[in-house]
Amino acid sequence: MKKIMIFSLLFSLAACRGNSEQKVVDPVVEVDSAFCERLMPGLGGGITGGDGSISIDLKDGRSLFMWGDSFFGDVINDKRAKDTKFVIGNTFTIIDKNGQLKTLYSGTKENPLAFIEADQDGKSPVWYWPGHGFVKNGILHLFMSKFHKVGEGAFGFEYLCCDYFRLDVETMKIRHYID
């Protein structure tokens, strides 16, 4: 029995080596620039960059894109304007059935803030990061991760918890949340 197991193990290891003559082909990635330009137009002062994107069908002909950290301001000749604003946390973009955009955030155009703001603990900045969501019976159910700053640099943050929000799909107003 031992001989069979050892033979099987050696055969498996040899099979895993594969053909050393095979060449690795670099994958080609093409950006859908038409969609990107529609979703984040370079001019108009709206969201021109963001990460952590999540999209949700709002079940009424509109689509919601939730962004993590976002840039607001014009991009001219592939460069951000000097007055570009940066929002930590979350912002939303809604595309209606006619392709029109609506950007959702708190604060003002001069000082944009996260759309769903976290209560501050007075010790360090706290923010919500997009998780995921779905729509049922006109209610947008969202799961948002809560983080806070704990150190220096871009990655000096720590996960706190996941909170659950219910928003009215038509108004995008928070109806209820559980932390």
Return yes if some donor-acceptor pair links the side-chain N/O of [X] with the main-chain N/O of [Y] below 3.5 Å, else return no.
X: Asn90; Y: Trp129; answer: no
X: Ser70; Y: Gly68; answer: yes
X: Ser55; Y: Phe65; answer: no
X: Asn77; Y: Lys79; answer: no
X: Lys149; Y: Gly151; answer: yes

*asked:* Tell me if the CZ atom of Phe155 is crowded by more than 12 foreign heavy atoms within 6.0 Å.
replied: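 Open: at most 12 neighbouring heavy atoms sit under 6.0 Å from CZ of Phe155.
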*Answer yes or no: does atom CD of Gln120 have more than 12 heavy-atom neighbours from other residues, nucleotides or ligands under 6.0 Å?*
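Atom CD in Gln120 is packed in, count exceeds 12.
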Can you find a heavy atom in the side chain of [X] that is under 4.5 Å from one in the side chain of [Y]?
X: Met172; Y: Leu140; answer: yes
X: Lys146; Y: Val126; answer: yes
X: Leu64; Y: Val135; answer: no
X: Phe72; Y: Thr91; answer: yes
X: Thr84; Y: Phe86; answer: no

Can you name the side chain to side chain donor-acceptor pair (under 3.5 Å) partners of [X], sequence neighbours left out?
X: Tyr164; value: His141
X: Asp163; value: Tyr128
X: Thr48; value: Arg80
X: Asp60; value: Arg62

*asked:* Which residues pass the ring pair (Phe, Tyr, Trp, His ring centres under 6.0 Å) test with His148, not counting sequence neighbours?
replied: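 So His148 forms no ring pair (Phe, Tyr, Trp, His ring centres under 6.0 Å) with any residue.
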*Does the gap between the ring centers of Phe115 and Tyr105 come in under 6.0 Å?*
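Here the rings of Tyr105 and Phe115 have centres that are no less than 6.0 Å from each other.
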*Indicate the ring-plane relationship of Trp127 and Phe157, choosing parallel, tilted or perpendicular according to the 30° and 60° boundaries.*
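Trp127 and Phe157: perpendicular rings.
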_By salt bridge (Lys or Arg N to Asp or Glu O under 4.0 Å) - contacts of Lys59 (at least two apart)_ =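 Salt bridge (Lys or Arg N to Asp or Glu O under 4.0 Å) list for Lys59, sorted by chain: Asp57.
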